[in-house]
Every structure is written in C-alpha cells, then in structure tokens.
Asks: 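Just passing along the structure, written as structure tokens.
For the numbers below, each heavy atom of this structure counts, side chains included, while hydrogens, waters and symmetry mates do not.
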Amino acid sequence: MTRPTTPVPGTAHQAQKEDGVTSQERLDELHVLKQAARQGPDARATERQHARGKLTAHERVELLLDKGSFQEIEALRRHRATGFGLENKRYPSDGVITGWGTVHGRTVFVYAHDFRVFGGALGEAHAAKIHKLMDLAEAAGAPLISLNDGAGARIQEGVTALAGYGGIFQRNTRNSGVIPQISVMLGPCAGGAAYSPALTDFVFMVRDTAQMFITGPDVVQTVTGESVTMDGLGGADVHASVSGVAQFAYDDEESCLEEVRYLLSLLPANNRELAPVVPSGDPSDRSNDALLDLVPADPNQAYDMRAVIEEIVDDGEYFEVHAAWATNIICALARLDGHVVGIVANQPASLAGVLDIHASEKAARFVSTCDSFNIPLVTLVDVPGFLPGVDQEHGGIIRHGAKLLYAYCNATVPRVSLVVRKAYGGAYIVMDSRSIGTDVALAWPSNEIAVMGAEGAANVIFRREINAAEDPDTVRRRKIDEYRTELMHPYYAAERGLVDDVIDPRDTRLVLIRSLAMLRSKHADLPSRKHGNLPT
C-alpha cells in the first residue's frame with residue numbers, strides 16, 4: 001500500500017506556486033478585489049453617497065445585522081453586457097450586496113442596492129444575484145430584507161433588465177405568507193421597481209432620501225401639467241399617511257434599521273413556526289384599574305384607544321403598523337405574557353372609530369399578515385358603523401369592507417374579540433364577531449351591541465307615533481329609552497350566546513391571556529381549494 005508523502009516543513013508555500021504566483025499573492029489579489037467591491041467604482045464614490053445623507057450598502061447591512069454575522073455571496077460577480085460603454089465598467093458586485101447574517105441571533109437574508117455602482121440600477125447579473133438570494137431564503141425558511149436604493153432598470157441592458165424584475169416579483173409572490181419579506185426604502189425606487197416593495201409584507205421609508213413612484217415628477221408634469229417635487233409625489237410621509245404604501249417612516253437610516261430589527265423580533269422565521277416568546281416581568285394577573293377611567297361611559301365621548309392598549313399589553317409596549325394612515329383604526333403588534341399578538345382596534349379619537357375604505361383595507365391586510373405568520377388576533381371593538389357618504393359608496397366601501405370581512409373569516413389563528421363600548425350594525429359583524437368565527441367573544445359592561453344606535457332605531461321604528469304626538473320630543477326620548485332598555489342593555493348579546501362573557505374591565509389583561517393560552521394549540525383547516533377569491 002502506497003502511503004502519501006509527508007510534506008517537508010517550510011516547503012508547502014513553494015509547492016503551491018503556479019506560473020510563478022504564490023498562494024499569498026493569490027490571497028492578496030482576493031483581498032484587493034473584495035476591498036475594491038467595498039470601496040465602489042472610484043475613491044470618491046463613498047464621499048458622494050455620504051454627501052447625499054446616505055450610508056453605503058455595506059454600512060447599512062452592518063447596522064441591520066448582528067455585529068460580524070454577515071456572510072456575503074457573489075461579491076465578485078460582474079455583468080457580461082457590452083455596448084454603450086458597459087464593457088469598460090465591470091465593477092465587482094454589479095451594484096448589489098447579497099448575503100445572510102443574524103438579527104438577535106436568528107438567521108435573515110438581505111440584499112442591498114449599492115447606489116455608487118450604476119446608481120443601483122438593476123441589470124441581468126444584478127438580478128441573478130437577488131434571485132439566488134431569494135431562493136436561498138425560501139429554502140432556509142428565513143426572513144428576507146431588501147435595502148432599496150436604486151435607479152430602476154439598467155437601460156443599457158434593455159429588456160433583460162426588465163426580465164430580472166419579473167423574476168423578483170415572481171419570487172415575492174411565491175414567498176408571500178411563507179417567509180416575512182421586508183422592504184426598506186433608503187433612496188429612489190421608480191417605475192416597475194416599486195412593485196417589489198408593494199408585494200412584500202412591510203415597507204419602511206426614510207424621510208428626504210427615499211422616494212417611490214411609478215412615473216417621476218417630469219413625466220407627471222408633461223402628461224398632466226401638475227408640478228410636484230419628488231418628495232411631494234412619492235416621499236416617505238406621502239406613502240405613510242396618504243397612499244398607505246409604506247407602513248413606517250423615519251427621519252434617519254439608523255433609527256429606521258433599528259426598528260426593522262425590532263419588528264423582526266416580533267415575527268417568526270417562517271409560516272411553520274411561532275413568533276419568539278420572551279420572558280415577561282409584567283404579571284399576567286395585573287389588574288387594569290386604569291381602564292375604568294380611560295373609557296368614558298358616554299358612547300359619544302371620544303378617547304384614545306392607544307391608552308387602552310398600553311394598559312393591557314406587556315410593559316405598555318406595542319409596535320403600531322400604519323400609524324399615520326387610516327387613523328380611525330389601530331393595527332399593532334404587542335406581547336401578552338411574552339407571546340406576540342396582533343391587535344386590531346377601532347380608534348374613537350379619529351372619525352369616532354368608524355370603518356371606511358382605508359380603515360377596512362388597512363385592517364384586512366394586517367389580519368391577513370398575522371394569520372399568515374401564526375400570530376393570534378385580539379380585536380378591541382368600539383365602532384359606530386361604516387362611514388356613510390356618496391364618496392364612500394362610489395369608492396367601493398362594499399368591496400373594501402368585504403376585504404376585512406374576508407380576512408377575518410379566512411383566519412385560522414386564535415381570535416379573541418372584546419366589545420369595549422359601541423358595536424353597531426354591519427361594522428359589529430365585521431369586527432370579528434361571534435357570527436364570523438371569533439373563538440372567544442368578550443364584552444365590558446359598557447357595551448352597546450345593536451343594529452344601530454338607540455336614537456336612530458327609535459326614529460325608524462316609531463316614526464309615525466313620534467310625528468303624530470303632541471310633544472314629539474318627549475315621545476322620542478321615551479322611545480329611545482325603551483329601545484335601549486329592551487334591546488341594548490349590556491347583557492342582551494350575552495343572553496343569546498353572542499358574547500361568551502361580560503367581564504370586569506380590570507380583569508381584561510388576565511382574561512385575554514387565559515383565553516389565548518387556552519387557544520394556543522388551536523387547529524383549524526380550511527376547505528380544500530387552490531385559493532380563495534379575495535374581494536378586489
């Protein structure tokens with residue numbers, strides 16, 4: 001039997017020589033290439049990026065991920081395109097950084113456009129890197145974060161660049177509801193590129209530096225005659241408060257990326273897992289005495305539902321989604337006894353908490369997201385109905401209201417609803433009532449569950465009697481009291497099994513925690529189907 005020759009000490013380095021090049025020289029060459037990829041196309045590229053008030057792609061990745069955890073892939077990839085001078089501009093990484101690392105010790109995948117290279121524009125090689133990373137994220141079952149700062153498709157590469165976007169959109173869609181997908185807008189995102197963020201679960205934007213739009217200000221002015229700035233057309237505040245495209249807006253990249261890290265701590269890695277549980281120092285049986293004063297007994301008096309949420313959840317901490325858009329409804333992630341829950345709540349401090357087109361869309365999307373990622377739902381109800389008006393009807397309130405109804409009816413996660421005060425008409429049904437499948441239906445003694453308010457109901461039922469009376473006002477008041485006594489007393493719904501329990505508000509936290517603990521092993525199957533036909 002032939003044995004391998006034992007290498008002579010000190011000769012290994014020389015033995016690896018090839019064409020006069022040593023291993024150390026090859027390593028030096030590798031370090032130079034990787035350093036070049038990090039520095040950008042020229043020595044001043046990073047300075048120009050910083051002058052715009054923006055970090056580089058590598059700096060952003062390092063802020064997002066746990067220190068030292070980033071593992072980059074395809075750092076040396078270059079495009080193969082020719083023409084229009086591209087053959088002379090073949091920079092390492094081709095304008096996008098891809099790889100994986102950890103956030104709070106959990107694996108995540110990330111890609112970041114490098115605006116210093118071709119303005120972050122997407123070409124064939126650039127897209128292929130992103131496709132590979134998205135496929136890895138899907139295979140590993142881990143969240144995907146995109147740090148967007150790009151000028152759209154690389155025009156010099158023509159239709160192959162557009163095809164690259166198609167591959168991203170297809171993967172966004174395939175992974176929807178499978179792994180969390182988060183888009184962070186840190187620069188421009190124009191044209192077809194804007195559809196990838198729209199397909200993801202959460203969109204973050206930084207004020208002043210990030211913009212999203214399908215057509216830019218110049219085209220808008222040419223076609224419509226409207227003059228608008230980039231921020232006025234598609235800035236962070238526009239999308240966070242007007243269009244609803246972005247859930248979050250921040251003043252700087254550092255705070256934005258820190259909040260992305262916090263959101264990830266509230267989400268599972270994929271749809272087969274539960275969100276992380278953390279030990280809670282907030283007692284599960286803590287009495288909510290403050291609730292007795294926070295919610296006025298008068299159903300027409302406004303109050304801030306956020307104060308109710310703060311009183312109920314662990315340590316008063318919650319992460320509100322779409323805080324500046326459709327403010328008449330609140331959607332938030334929080335913890336109860338260390339377990340993540342999604343909270344949907346009417347907001348009496350804004351439009352009296354009515355449901356309208358935007359509120360219905362906002363809540364429907366949030367309910368669907370929570371259901372996708374196994375996050376239980378707690379619904380706090382204080383709703384006077386759907387917003388009436390010609391604009392609402394012509395804008396499709398029926399279609400949009402049906403989206404929220406569909407989302408709740410389709411959800412299989414544990415669901416607990418609590419009627420805090422008003423719950424009128426179809427809006428009561430839509431806000432996760434017993435009739436559409438909530439698992440535990442609760443109410444406070446201040447609840448008023450009815451087809452409509454007593455005043456409106458009395459005017460409809462007793463209209464003729466009131467009009468014929470010598471003193472219509474006195475008769476109207478008497479009939480209002482009669483209707484309220486007969487059909488709107490706090491225990492009417494409980495007597496008919498539509499409410500499981502009327503609870504002391506001070507026990508709200510304890511009862512919610514107990515209910516969710518009981519439902520933790522809930523299993524529900526939907527009928528076999530390709531997919532439902534969501535209202536448009």
Asks: Do Trp444 and Thr508 pair up side chain to side chain, a donor and an acceptor below 3.5 Å, judged on atom types alone?
Replies: yes

Asks: For Thr474 and Asp471, test the side chains for any donor-to-acceptor distance below 3.5 angstrom and give the result as yes or no.
Replies: yes

Asks: If the threshold is 4.0 Å, N to carboxylate O, is there a salt bridge linking Glu138 and Arg171?
Replies: no

Asks: In this structure, are over 12 heavy atoms from other groups packed under 6.0 Å from Arg529 atom CZ?
Replies: yes

Asks: Side chains of Arg421 and Pro296, heavy atoms from C-beta outward: is any pair under 4.5 Å?
Replies: yes

Asks: Does any donor atom in the side chain of Asn172 or Ser196 lie under 3.5 Å from an acceptor atom in the other side chain?
Replies: yes

Asks: Any chance the side chains of Gln347 and Asp382 put a donor and an acceptor closer than 3.5 Å?
Replies: no

Asks: May I ask you to check whether Tyr250 and Glu258 show a side-chain donor-acceptor distance below 3.5 Å?
Replies: no

Asks: Indicate yes or no: does Lys403 engage Glu361 in a salt bridge with an N to O separation below 4.0 Å.
Replies: yes

Asks: Does Tyr195 have more than 12 heavy atoms from other residues, nucleotides or ligands lying within 6.0 Å of its OH?
Replies: no

Asks: Might you point out which heavy atoms bring Phe366 and Ile343 nearest each other, and give the distance in Å?
Replies: CE2-O, 3.6 Å

Asks: Are any non-hydrogen side-chain atoms of Arg207 and Asp231 less than 4.5 angstrom apart?
Replies: no

Asks: What is the distance from atom CD1 of Ile182 to atom CG of Leu144, rounded to the nearest 0.5 Å?
Replies: 9.0 Å

Asks: How about CD1 on Ile398, more than 12 heavy atoms from neighbouring residues, nucleotides or ligands closer than 6.0 Å, or not?
Replies: no

Asks: With heavy-atom distances below 4.5 Å as the criterion, would you say the side chains of Asp252 and Cys256 are in contact?
Replies: no

Asks: Is any NZ, NE, NH1 or NH2 atom of the basic residue among Arg60 and Asp149 found under 4.0 Å from an Asp or Glu carboxylate oxygen of the other?
Replies: yes

Asks: Can you confirm whether Ser183 sits close enough to Met185 that some side-chain heavy atom of one is under 4.5 Å from a side-chain heavy atom of the other?
Replies: yes

Asks: Taking the basic N atoms (NZ, or NE/NH1/NH2) and the acidic carboxylate oxygens, is any pair closer than 4.0 Å for Asp500 and Arg434?
Replies: yes

Asks: Looking only at heavy atoms, which two atoms of Asp282 and Val313 are closest? And how far apart?
Replies: OD2-O, 3.6 Å

Asks: Tell me yes or no: between the side chains of Asn374 and Glu273, is some donor less than 3.5 Å from an acceptor?
Replies: no

Asks: For Thr102 and Thr107, does a side-chain donor sit closer than 3.5 Å to a side-chain acceptor?
Replies: no

Asks: What pair of heavy atoms forms the shortest contact from Leu266 to Val340, and how long is it?
Replies: O-CG1, 3.5 Å

Asks: Is there a side-chain contact between Ile375 and Leu267 (heavy atoms, below 4.5 Å)?
Replies: yes

Asks: Applying side-chain hydrogen bond (donor to acceptor under 3.5 Å, both in side chains) between Arg415 and each of Asp432, Asp371, Thr379, report the one that passes.
Replies: Asp432

Asks: Going by heavy atoms in the side chains, are Leu186 and Glu253 under 4.5 Å from each other?
Replies: yes

Asks: Checking the side chain of Lys362 only, and the main-chain atoms of His322 only, is there a donor and an acceptor separated by less than 3.5 Å?
Replies: yes

Asks: Between the side chains of Ser280 and Asp337, is a donor N or O closer than 3.5 angstrom to an acceptor N or O?
Replies: no

Asks: In this structure, are over 12 heavy atoms from other groups packed under 6.0 Å from Arg286 atom CZ?
Replies: yes

Asks: Checking side-chain polar atoms at under 3.5 Å, does Asp356 have a donor or acceptor matched by the opposite partner on Asn328?
Replies: yes

Asks: Taking atom CG of Asp135 and atom CZ of Phe109, what is their separation to the nearest 0.5 Å?
Replies: 10.5 Å

Asks: Taking the side chain as every heavy atom from C-beta outward, state whether Gln392 and Phe386 have any pair of such atoms under 4.5 Å apart.
Replies: no

Asks: If the threshold is 4.0 Å, N to carboxylate O, is there a salt bridge linking Glu320 and Arg306?
Replies: yes

Asks: For the residue pair His358 and Trp325, does the interplanar ring angle fall in the parallel (under 30°), tilted (30 to 60°) or perpendicular (over 60°) class?
Replies: tilted

